[in-house]
Asker: 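The structure's right below; bear with me while I get my questions together.
In the text below, chain A, chain B and the rest are named by the order of the sequence lines, each starting its count at 1.
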There are 2 protein chains.
Amino acid sequence: MPTLQDVANLANVSTATVSRVLTGQTVHTENKEKVEKAIKELNYKPNTVARNLRRKKSNLIIALMPDVKHQFYSEIIRGIEEEALKAGYNVLIGSNTFESDQELRHFELLEGSQADGIIVGTSQVKQELLEEVSKRKPVVLVNGHLTGSNIPSISIDNERASYVMTKHLLQLQHKRIAHVMGPSNTMLARERLKGYKRALREAGVEFDKELVYEGDYFFHSGYEIGKRILTVQETVDAIYSTSDEMAIGIIRALTEKQIKIPQEISLVGFDDITISKYSYPSLTTIHHPRYEMGKKSFNLLLKLLNNKKIGKKHIFLEEDLVVRESCGAAQST
Amino acid sequence: MPTLQDVANLANVSTATVSRVLTGQTVHTENKEKVEKAIKELNYKPNTVARNLRRKKSNLIIALMPDVKHQFYSEIIRGIEEEALKAGYNVLIGSNTFESDQELRHFELLEGSQADGIIVGTSQVKQELLEEVSKRKPVVLVNGHLTGSNIPSISIDNERASYVMTKHLLQLQHKRIAHVMGPSNTMLARERLKGYKRALREAGVEFDKELVYEGDYFFHSGYEIGKRILTVQETVDAIYSTSDEMAIGIIRALTEKQIKIPQEISLVGFDDITISKYSYPSLTTIHHPRYEMGKKSFNLLLKLLNNKKIGKKHIFLEEDLVVRESCGAAQST
DNA sequence: TTGTATGCGTTATCAC
DNA sequence: GTGATAACGCATACAA
């Protein structure tokens with residue numbers, strides 16, 4: 001591999017001049033041309049590692065997500081990537097689905113100056129670790145927030161979105177609404193449960209904990225929960241699944257038993273993943289602005305990277321209720 | 001940020017000794033302890049950029065994929081990541097769905113020594129560029145291969161898999177089998193078409209180009225094609241969609257019109273993505289060993305990184321026919 | 001505008 | 001086994 005020195009030799013100028021040409025500083029046209037010719041001739045590519053060491057900046061950021069496979073996160077990533085590209089940053093995507101020390105490896109990259117900042121999209125990382133790292137490097141949280149923390153974060157208002165969704169069902173005269181939540185040890189799942197409860201309370205419908213089912217957001221748990229709900233079907237008007245994937249698992253379980261959605265039971269999801277439009281029936285759901293969230297999370301990080309002040313510590317994005325086929329008015333019994 | 005020098009000062013040893021402790025070389029126990037104490041006290045983290053410059057190695061590889069969003073690719077990525085982790089490598093995932101110069105940026109990282117090698121999972125990259133880069137850096141192709149090229153690659157035998165799938169349909173007595181292909185300008189789509197044709201020929205069924213539809217592997221194109229097929233429904237026994245996503249779009253289109261699958265028309269897909277098990281009906285499909293493919297592609301790259309010889313230039317993986325509900329025997333007309 | 005010289009933080013090569 | 005020192009490739013302060 002040719003180096004800057006080689007180029008300088010061939011062009012008969014100093015390394016400084018070559019460097020100046022590379023970084024677009026003012027250089028006499030003749031010299032510039034000589035340098036460019038030499039670069040081409042040698043097929044020279046700047047060594048970015050050396051450059052980064054010198055500049056103390058890598059222009060690389062890390063996006064740490066719990067699961068790249070899940071469409072939910074891949075859209076966040078797309079948003080991050082697109083904005084990062086504009087700002088001249090590369091994105092290293094980390095998933096911490098495997099052993100927990102993989103996650104630490106990503107923080108090592110950060111601490112080792114191989115990356116300039118990190119966007120964390122997972123609740124699996126210990127808060128202490130995050131707080132500790134954020135003292136030294138820019139950290140942004142996406143799709144969640146830490147109570148009593150100074151780390152900037154961005155998410156939708158899950159409590160509110162859940163309230164909106166539940167209210168929609170209540171306005172359609174549903175009373176017995178099953179709530180399919182995510183892992184109950186996560187704040188996200190608990191917030192959505194809270195919104196559900198608030199809507200019930202407001203409507204004067206009593207909360208029944210028998211109607212709460214706990215899943216893991218994936219197809220299979222929806223399918224299993226769907227089968228369980230079938231055993232108590234006559235007591236349920238509608239099902240509110242807090243992920244579209246689970247909702248699709250539920251569709252499968254109900255359809256297997258010839259239960260018609262929404263005629264016999266209404267179903268709504270949460271997230272608005274691509275397939276929700278093509279399922280049968282298509283899903284009424286909450287459109288989660290994941291792509292937007294990804295974009296904004298990077299912009300937040302960029303501000304930190306440039307030492308700019310961030311106003312609010314936590315940013316809430318607007319969600320949208322998307323009405324499709326899977327949910328109709330309650331049949332008058 | 002404390003440096004190795006700081007540690008050396010505090011521990012009263014030379015930087016060389018500190019470096020030796022860090023890299024696990026033999027050092028007297030007492031010195032080792034002093035150094036470790038100093039490291040802890042200063043909360044020292046090695047600067048990997050400097051290390052990489054010195055070692056001329058980044059332990060970072062790039063996985064360049066056309067679309068991270070698509071589950072097909074995210075499984076390949078998972079396989080790559082898992083193996084990379086074992087070998088102590090980090091993975092920078094690049095997607096070239098956006099402007100084409102983003103793709104070049106990833107190659108710049110490679111040429112700039114910020115990454116040690118690249119796994120390319122997209123046919124969008126120009127072959128010349130690939131050949132050029134592979135002279136200097138390890139390159140592996142995944143999910144495809146280049147004719148007359150020395151670049152190692154790994155994929156399933158798409159022609160054969162397609163032949164197997166078509167034969168399955170023919171054995172169920174289907175004769176008029178619609179073929180929903182991917183973009184006809186890609187080798188992958190053409191190979192699958194070839195396999196389909198070969199099976200027909202072998203069975204003595206005449207190929208009818210009217211039965212060939214071109215999509216883009218995504219839900220929506222399947223949905224649109226499904227609607228088009230409905231207009232000539234009576235002439236079609238079965239539909240062979242070369243992606244599960246398109247197949248699910250087709251299910252939606254047919255279900256909307258109350259067409260029963262497989263009773264009125266059989267449908268098969270290709271890929272075996274997660275949802276195919278939960279769609280209604282569940283999809284008969286070809287299980288594509290994407291995860292395995294990701295793993296093996298990294299192991300191939302690892303060999304190149306270690307300057308080991310690679311036997312075969314192209315590796316074929318075995319595919320599996322997965323029989324589910326969407327496909328049954330032809331009704332005797 | 002240009003060149004010289006130095007340093008970024010680490011590892012490798014020497015002597016000792 | 002250890003320490004001094006050079007080198008990795010580049011960018012920049014300073015002098016010219």
Asker: Calculate the interatomic distance between A:Asp6 atom CG and D:dC8 atom P; express it in whole Å.
Answerer: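 So the two atoms are 11 Å apart, to the nearest Å.
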Asker: In whole angstrom, give the distance that lies between atom NZ of A:Lys34 and atom P of C:dT1.
Answerer: 16 Å
Asker: Give the nucleotide from the list C:dT10, D:dA11, D:dG9 with an atom nearest to the side chain of A:Thr3.
Answerer: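 Closest nucleotide among those given: D:dG9.
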Asker: Could you label the plane-to-plane angle of the A:His314 and A:His145 rings as parallel, tilted or perpendicular, counting under 30° as parallel and over 60° as perpendicular?
Answerer: tilted
Asker: Looking at A:Asn52, does any N or O in its side chain come under 4.0 Å of the phosphate oxygens OP1/OP2 on C:dC8?
Answerer: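 No, A:Asn52 has no side-chain N/O under 4.0 Å of OP1/OP2 on C:dC8.
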Asker: Check whether any side-chain N or O of B:Asn47 sits under 4.0 Å from OP1 or OP2 of C:dC8, and answer yes or no.
Answerer: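 So the side-chain polar atoms of B:Asn47 never come under 4.0 Å of the phosphate oxygens OP1 or OP2 of C:dC8.
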Asker: What's the CD-P distance between B:Gln5 and D:dT5, to the nearest Å?
Answerer: 12 Å
Asker: Mind calculating the distance between CE (A:Met1) and P (D:dG9) to the nearest angstrom?
Answerer: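 Going from A:Met1 (CE) to D:dG9 (P), I get 11 Å.
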Asker: May I have the distance from A:Arg20 (atom CZ) to D:dA13 (atom C1'), rounded to whole angstrom?
Answerer: 10 Å
Asker: Can you find an N or O donor on one side and an acceptor on the other, under 3.5 Å apart, linking the side chain of B:Arg54 with the base of C:dA12?
Answerer: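 When only heavy-atom distances are counted, B:Arg54 does not reach the base of C:dA12 through any donor-acceptor pair under 3.5 Å.
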Asker: Output the rounded distance in Å from NE2 (B:His28) to C1' (D:dG3).
Answerer: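 The distance from NE2 of B:His28 to C1' of D:dG3 comes to 14 Å, rounded to the nearest Å.
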Asker: Calculate the interatomic distance between B:Lys57 atom NZ and C:dG9 atom P; express it in whole Å.
Answerer: 23 Å
Asker: According to a strict under-4.0 Å criterion, is B:Ser19 in side-chain N/O contact with OP1 or OP2 of C:dT11?
Answerer: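 So the side chain of B:Ser19 is within the cut-off, an N or O lying under 4.0 Å from OP1 or OP2 of C:dT11.
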Asker: CG of B:Leu53 versus C1' of C:dG7: gap in Å, rounded?
Answerer: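 That distance rounds to 12 Å.
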Asker: Give, for atom OH of B:Tyr89 and atom NZ of B:Lys57, the distance between the pair rounded to the nearest 0.5 Å.
Answerer: 2.5 Å
Asker: Between B:Ala50 and B:Thr26, which residue's closest nucleotide on DNA chain D lies nearer the 5′ terminus?
Answerer: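 It is B:Thr26 whose nearest nucleotide is closer to the 5' end.
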Asker: Answer yes when B:Glu81 and B:Arg78 have at least one side-chain N-carboxylate O distance shorter than 4.0 Å, and no when they do not.
Answerer: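 No.
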Asker: Just wondering, do A:Asn90 and A:Asn59 contact through their side chains at under 4.5 Å, heavy atoms?
Answerer: no
Asker: Check whether any side-chain N or O of A:Thr17 sits under 4.0 Å from OP1 or OP2 of C:dT2, and answer yes or no.
Answerer: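 For C:dT2, OP1/OP2 do not have a side-chain N/O of A:Thr17 under 4.0 Å.
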Asker: With a 4.0 Å cut-off, would you call A:Lys295 and A:Glu292 a salt bridge?
Answerer: no
Asker: When you check the phosphate oxygens OP1 and OP2 of C:dG9, does a side-chain N or O of A:Lys56 lie under 4.0 Å from one of them?
Answerer: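 Yes.
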Asker: Is there a side-chain polar atom (N or O) of A:Ser14 under 4.0 Å from OP1 or OP2 of C:dG3?
Answerer: yes
Asker: Can you work out whether B:Val13 or B:Arg55 has the more 5'-proximal nearest nucleotide on DNA chain D?
Answerer: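 On the 5' side of the pair lies B:Val13.
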Asker: Look at all strands and tell whether A:Val27 reaches a base, only sugar-phosphate, or nothing, counting heavy atoms closer than 4.0 Å.
Answerer: sugar-phosphate
